[in-house]
Q: 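Submitted below is the structure of interest, expressed as structure tokens.
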Amino acid sequence: MPIVPSRADRIRTLIEQLASERPAERDSAVARLTLLGLRVVEPLRASLIGASAQTRLAALEVLERIEDPRALPALLTLTGDPDRAVALRAIEAVGQRSDPRSLPTLAGILASGSTQRRGAAARALARLHEAGLDGALDLLVDVVVNEKAETRLRLALVDVLLLIEPPLPRATLRLLARRLASSPAAEIAARGAGLERVGARSTTTSGAPADLVERLAKGEVSEAEAREVAACLGRAETLPALHQALERAAVPRAIEALAVVLGSVGGPPSIPVLSRALARITESMGHGADRTGALEARAALHSALAALDSRVALHDLRELVATRPSPVMSSLLDAAARVGDGSLVPALARVATEDPTLLPPCAAAFATIARREKLRRTSPSLRKVRAEHRPALEAFLEATHRRRR
């Protein structure tokens with residue numbers, strides 16, 4: 001009589017397969033574990049200890065597909081994962097389940113998580129409120145009216161509240177506006193006064209709150225607040241209004257804030273809008289405009305294009321990096337690394353030669369580019385490095401070699 005493997009052994013084998021380097025094997029394991037249902041939850045949860053981030057993501061995909069409420073504790077565990085991608089996806093998954101047990105965890109993330117994790121928690125709470133879960137809205141409002149909470153987080157959460165569907169009652173918004181208007185924090189009080197003037201949730205035809213878009217377009221949002229807004233926004237219907245705002249934005253501060261937001265929530269349609277804004281701000285720098293503000297806006301536009309994996313402004317990025325503008329050099333090197341184009345290598349070598357203090361960050365950008373482009377000493381982009389800049393290139397190569405060891 002043949003020996004039939006036990007179900008526990010089969011589950012263990014499939015869980016081990018989640019760690020495979022071959023995507024097809026991982027996908028097969030995810031599908032088969034999903035079919036086995038609730039019985040795989042506890043073995044999966046136990047397997048997370050010591051597993052790689054890639055394996056934890058695969059396990060998370062299984063847990064997402066198991067709709068039984070008993071899978072929620074494992075998902076809640078993953079919301080605190082040290083890997084950002086795992087944690088953000090787990091928070092999003094928790095927001096898809098209308099379960100009150102998730103509220104304390106989301107509240108904790110909102111209070112003390114990183115910017116991106118707080119944004120994900122805010123969106124999850126908004127979705128849970130829209131799904132009818134009592135208490136989700138209260139957690140958002142509690143942070144908005146908490147004078148001890150970070151100002152930029154409070155301002156960003158106001159915009160999350162304005163995006164909730166169906167819209168919050170006018171009476172609720174009026175009460176919130178009056179509460180904020182009496183805040184001792186000047187920015188919060190101004191936001192409350194602005195809401196009182198609006199009187200109710202005013203929206204553009206695209207679904208984005210007009211108040212938020214107008215503040216961005218007028219340059220009334222700082223870069224720090226823009227990053228918080230970007231983390232909290234996550235809906236494609238806001239894009240048309242944001243695109244229109246960037247097309248008409250005239251001051252560098254407004255362009256910078258809109259670029260920050262679009263770099264987070266934008267998509268392919270955002271690329272030509274960002275490119276046109278870059279052309280405008282670059283031209284303005286030659287006409288006596290606020291050069292520092294224009295430079296910061298220009299760098300933010302490059303960061304946004306890089307975040308959207310666009311090389312449309314590669315030529316401008318190469319030229320800007322080569323000029324070594326110190327106020328925004330860190331942002332430019334980050335954009336160069338994210339674009340990952342080998343043609344940036346000669347500019348990086350030049351910068352590191354002319355300012356040796358920039359050699360470490362240039363070497364880090366080079367390492368990312370080399371990995372993405374699979375660069376070798378014989379690659380055309382490396383051969384284009386000028387002789388006087390080759391010692392810097394050698395330093396890049398040595399640093400990259402050390403990282404791989």
Side-chain angles (χ1 to χ4, degrees), residues 21 52-54 82-86 88 114-116 223-224 227 230 256 259-260 263-264 274 278 282 285 291-292 294-405:
E21 293 296 324
S52 68
Q54 178 177 275
D83 184 83
R84 183 176 62 181
V86 175
L88 293 179
S114 67
T115 296
Q116 287 189 311
E223 185 219 1
R227 294 194 183 282
E256 180 185 8
V260 167
S264 177
L274 290 163
L278 180 61
T282 303
M285 292 181 71
R291 289 190 61 82
T292 300
L295 188 60
E296 291 171 347
R298 193 174 169 190
L301 289 163
H302 277 297
S303 294
L305 287 167
L308 298 177
D309 201 25
S310 170
R311 302 186 182 191
V312 68
L314 183 57
H315 176 73
D316 187 72
L317 179 60
R318 282 198 303 267
E319 289 192 344
L320 193 53
V321 166
T323 64
R324 294 183 288 118
S326 56
V328 296
M329 199 59 195
S330 177
S331 296
L332 292 177
L333 290 177
D334 179 66
R338 297 183 76 168
V339 169
D341 193 279
S343 68
L344 289 158
V345 172
L348 294 175
R350 173 184 168 181
V351 166
T353 300
E354 295 176 349
D355 185 351
T357 64
L358 291 173
L359 196 153
C362 286
F366 171 83
T368 302
I369 294 170
R371 184 169 57 252
R372 178 167 174 171
E373 295 280 274
K374 297 181 173 58
L375 296 180
R376 300 290 183 268
R377 287 180 179 273
T378 56
S379 299
S381 57
L382 271 62
R383 292 203 301 269
K384 291 180 181 179
V385 174
R386 296 172 61 173
E388 61 267 35
H389 303 151
R390 294 202 71 82
L393 176 60
E394 290 299 325
F396 293 171
L397 291 166
E398 175 60 26
T400 302
H401 179 67
R402 286 198 302 269
R403 285 189 180 92
R404 290 173 177 169
R405 285 188 299 192

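Source: prediction; values computed, not measured.
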Q: I need the E354 CD to L359 CG distance, nearest 0.5 Å.
A: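 Between atom CD of E354 and atom CG of L359 there are 12.5 Å.
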Q: Quick one: are T400 and R371 in side-chain contact, heavy atoms under 4.5 Å?
A: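 No; the side chains remain at least 4.5 Å from each other.
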Q: Can you find a heavy atom in the side chain of F366 that is under 4.5 Å from one in the side chain of L344?
A: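 They are not in side-chain contact.
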Q: Compare all side-chain heavy atoms of L274 with those of H302 and state whether any distance is below 4.5 angstrom.
A: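 Side chain of L274 against side chain of H302, heavy atoms only: no contact under 4.5 Å found.
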Q: Is there side-chain contact between P380 and R383, with at least one heavy-atom pair below 4.5 Å?
A: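 Yes - at least one pair of side-chain heavy atoms lies under 4.5 Å apart.
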Q: Is there a donor-acceptor pair closer than 3.5 Å between any side-chain N or O of S310 and the backbone N or O of V312?
A: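 Answer holds: yes.
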Q: Using the test salt bridge (Lys or Arg N to Asp or Glu O under 4.0 Å), find all partners of R390 that sit at least two apart in sequence or belong to another chain.
A: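 With sequence neighbours excluded, R390 shows a salt bridge (Lys or Arg N to Asp or Glu O under 4.0 Å) to no residue whatsoever.
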Q: Atom CG of L332 and atom OG of S303: how far apart are they, to the nearest 0.5 Å?
A: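 It comes to 7.0 Å.
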Q: Could you go step by step and tell me if E296 and R291 meet the salt bridge (charged side-chain N to carboxylate O under 4.0 Å, His left out) rule?
A: CA-CA 9 Å; E296 291 171 347; R291 289 190 61 82; over 6 Å; no
Q: Could you check if a side-chain atom of S381 sits within less than 4.5 angstrom of a side-chain atom of S343, using non-hydrogen atoms only?
A: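 They are not in contact (no side-chain heavy atoms under 4.5 Å apart), so the answer is no.
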Q: Ignoring hydrogens, what is the shortest heavy-atom contact between V385 and A349? Give both atom names and the distance.
A: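 Scanning both residues, the minimum pair turns out to be CG1-CB, 3.8 Å.
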Q: Please find the pair of heavy atoms, one from A337 and one from I369, that lie closest to each other, and give the distance.
A: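 What the structure gives for the nearest pair is CA-CG1, 4.3 Å.
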Q: How long is the straight-line distance from CG of L375 back to CG of L382, given to the nearest 0.5 Å?
A: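 CG of L375 is found 5.5 Å from CG of L382.
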Q: Run the salt bridge (Lys or Arg N to Asp or Glu O under 4.0 Å) test against D341 and tell me which residues pass, sequence neighbours left out.
A: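 Here the qualifying residues are R311.
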Q: Do R372 side-chain atoms and V339 backbone N/O form a donor-acceptor pair below 3.5 Å?
A: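 A pair under 3.5 Å: yes.
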Q: Provide the closest heavy-atom pair for R386 versus E388 in the form atom of the first, atom of the second, distance.
A: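 It is NH2-OE2, 2.8 Å.
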Q: Quick check for you: to the nearest 0.5 Å, what is the distance between M329 atom CE and T323 atom OG1?
A: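 M329 CE to T323 OG1: 7.5 Å, rounded to 0.5 Å.
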Q: How close do A300 and E256 get, heavy atom to heavy atom, and via which atoms?
A: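 Shortest heavy-atom separation between A300 and E256 comes out as CB-CG, 3.8 Å.
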Q: Check whether any side-chain N or O of S264 sits under 3.5 Å from a backbone N or O of V260 as a donor-acceptor pair, and report yes or no.
A: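 No; zero donor-acceptor contacts below 3.5 Å.
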Q: Calculate, to the nearest 0.5 Å, the distance between atoms SG and CZ belonging to C362 and R324 respectively.
A: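 C362 SG to R324 CZ: 9.5 Å, rounded to 0.5 Å.
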Q: Measure the spacing between CZ of R350 and OG1 of T353 and express it to the nearest 0.5 Å.
A: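 It is 10.0 Å, given to the nearest 0.5 Å.
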Q: Do you know the tightest heavy-atom contact between V321 and A347?
A: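 Scanning both residues, the minimum pair turns out to be CG1-CB, 4.3 Å.
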Q: Side chains of L295 and L320: does their closest heavy-atom pair fall under 4.5 Å?
A: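 In contact.
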Q: I need the minimum non-hydrogen distance between T357 and P361, along with the two atoms involved.
A: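 Taking T357 first and P361 second, the nearest heavy atoms are O-CD, 4.1 Å.
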